[in-house]
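Heads up, the thing below is written out as structure tokens.
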Amino acid sequence: MDVHRRTVNAAGNSLFSDKSSKSKNQKHDLQSQQSLYLTNAVFFGLFFSVAYFLLHRWREKIRTSTPLHVLTISEIVAVFSLIASIFYLMVFFGIGIIFHPFAASRTVHYDEEDESDIAKTSGLCLAGVSPTLPPLPPKISVEKVAPALVPAVILSSDDEEIVRAVVSGSIPSYTLESKLGDCKRAAAIRNLAVERVTGRSLEGLPMEGFDYDSILGQCCEMPIGFIQIPVGVAGPLLLDGKEYTVPMATTEGCLVASTNRGCKAIYVSGGASAVVLRDGMTRAPVVRFNSAKRASQLKFFLEDSQNFDSLSHIFNKSSRFARLQSIKATMAGKNLYIRFTCSTGDAMGMNMVSKGVQNVLDFLQSEFPDMDVIGISGNFCSDKKAAAVNWIEGRGKSVVCEAVIKEEVVKKVLKTSVESLVELNMLKNLTGSAMAGALGGFNAHASNIVSAIYLATGQDPAQNVESSHCMTMMEAVNDGKDLHISVTMPSIEVGTVGGGTQLASQSACLNLLGVKGASKESPGANSRQLATIVAGSVLAGELSLMSAIAAGQLVKSHMKYNRSSKDVTKLAS
Ligand code: ADP
């Protein structure tokens, strides 16, 4: 900003100081132009009058048979006057014509700002006052960068100083919040500094309308704004006798509409029901010993039921909501991977379980002093990675959701048949995925629904990996007339407290579902309910997409809802 301001001021000052000399020059130009016009007029007049006079005399001589070379004094004067006027006019216009193309070609090298000056200079050349062009500035190739924008937050001159300090590196960007004590101001300053350092515009990334204090030390470091994702609603989803309006944050056209259709099919068929089979977050540190035998001794110690009470007592000190459920240890040579599972109330629970694991490791260190803790996470947890351990053992909430969709509804709402759906499910979701070597991917598009609900409700979107593990099953029931559909999802990792759930927009979406914050009746009830809603919505999504594929509508509907009519090549920068 300062750079711009200074540029403007500098330009302004130079304009101001040059003003009087420019006005003098302008006066001078005007006077010389006036005398020029007068001279031109005189020579034009002379040219035409003497030409007329000589032609008249020539005709007279022909008529009277007088030889043409016999000239009177007046005729001699007229001939000289004609030659003089022709010479003047030739010099005046001829040079202009000769020089004009050069002048034009040379002006091409000037920047836009200089064009008016060049026009003036060219004008002077044409006037014949000075055919010499001014020296051209050296042509410098400058890579054009998007201009720095006026920030959404107007910065003071102090802020301007800080922006410059951040750009120069004398103030580290990450210290802005603590230095200024004002998160919004810090974000605005960082935003501008980023634009200047990168030379890239951040136009379109909003700054205003966000509570930057709410993310400090919890959700996002070094903020420069926030992105906007539209939130649509699908529903009502009739699940376990309750109706839910499901918020989905997505930019994929068709997704909400499709899930909505699935919700309708479930609704008119009497609703879906869900059961939570397990609820436990996991963390698995890796520890190393000098021998496999020694590592096995710790494994047996940890898995001995007689030690569980004392270990859980130590573990549970991490939080009033953390309750150790189980410890499972597996060995790789002399390395031991210890998978702790605990309930975490309404929190998704990663922090909680990590704290509990740290307590136990501290205790074990005194019992097994030769134990070398390599890492609090040894990937046997397994967080944000597709892993069979989660698919088989579960992580977070393990949920099964089912519904019976009536034959008539399959026909009228889903526009297909039970038979087609069952066959497609077997060949696509089961056999096709098996052929692909899928891990937890025995479904049509569970991750679409999981991601959209996760974004809307402030879950960790990276946990979509294992949370989307899903087996979709379809079977003809009631004498083959109706459709039984189920989704089995062993690793739905959700919370209604902590992390992004406390942010205003995400909190509003949780509120819409009636699961905002901690459950007052029973800790964990809200997050479990949210997990069932996720599974119910996945059921709706599976039902609708599978029907679209079975009916051959998929491409058609995507062309309608998921393809912009705008010319994207024009939108691309
Ligand atoms: P996570 O463990 O999912 O990362 P956090 O540790 O960020 O979550 O948030 C959990 C915090 O919320 C803890 O401090 C915990 O004491 C508090 N809390 C309040 N009520 C509940 C509840 N019903 N269930 C779980 N945690 C709760």
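Ligands are counted one by one from 1 in listed order, and the atoms in each one are counted from 1 as well. In what follows, every heavy atom counts, from backbone to side chain, and hydrogens, waters and symmetry copies are set aside.
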Where the side chain of Ser258 meets the backbone of Leu255, is there a donor-acceptor pair that is under 3.5 Å apart?
-> no
Polar proximity ligand 1 side, Asp346 side, N/O cut 3.5 Å exclusive = yes
Side chain Glu303, main chain Ala329, donor-acceptor under 3.5 Å | yes
Look up atom 10 (C) of ligand 1 and tell me if a protein heavy atom lies less than 4.0 Å from it?
-> yes
Dump the intermediate steps for salt bridge (charged side-chain N to carboxylate O under 4.0 Å, His left out) on Asp279 and Arg528, then the final yes or no.
-> CA-CA 8 Å; Asp279 178 11; Arg528 281 193 288 274; 2.7 Å; yes
Can you tell me if Ser214 uses its side chain to pair, donor with acceptor, with the backbone of Asp211 under 3.5 Å?
-> yes
Got a donor-acceptor contact below 3.5 angstrom from the Ser269 side chain to the Ile405 backbone?
-> no
Where the closest heavy atom to atom 12 (O) of ligand 1 is concerned, which of Asp460, Thr496, Val497 has it?
-> Val497
In terms of ring plane angle, is the pair Phe301 and Phe368 parallel, tilted or perpendicular, where the classes change at 30° and 60°?
-> perpendicular
So is there a nitrogen or oxygen of Asn351 less than 3.5 Å from a nitrogen or oxygen in ligand 1?
-> yes
Starting from atom 8 (O) of ligand 1, find the nearest protein heavy-atom neighbour and note its residue, name and distance.
-> Ala347 CB, 3.7 Å
Contact check: Phe321 vs ligand 1, nitrogen or oxygen atoms, below 3.5 angstrom = no
Donor-acceptor contact below 3.5 Å, side chain Ser398 vs main chain Pro490 = yes
Ligand 1 and Pro523, any nitrogen or oxygen pair closer than 3.5 angstrom?
-> no
Step through the shown structure and confirm whether more than 12 heavy atoms of other residues, nucleotides or ligands are within 6.0 Å of CE on Met471.
-> yes
Is Met352 close to ligand 1, meaning an N/O of one under 3.5 Å from an N/O of the other?
-> yes
Numbering as shown, the atoms of ligand 1 that approach Met348 to under 4.0 Å (heavy-atom distance) | 3 (O)
Any atoms of ligand 1 less than 4.0 Å from a non-hydrogen atom of Thr344? List them with their elements.
-> 24 (N), 25 (C)
Does Gly349 come within less than 4.0 Å of ligand 1, judged by its heavy atoms?
-> yes
Under 3.5 Å, is there a donor-acceptor pair linking the side chains of Lys516 and Thr496?
-> no
Using a strict 4.0 Å cut-off to heavy atoms of Gly498, name the atoms of ligand 1 that fall inside it.
-> 7 (O), 9 (O)
Within-cutoff protein neighbour (heavy atom, under 4.0 Å) for atom 14 (O) of ligand 1 = no
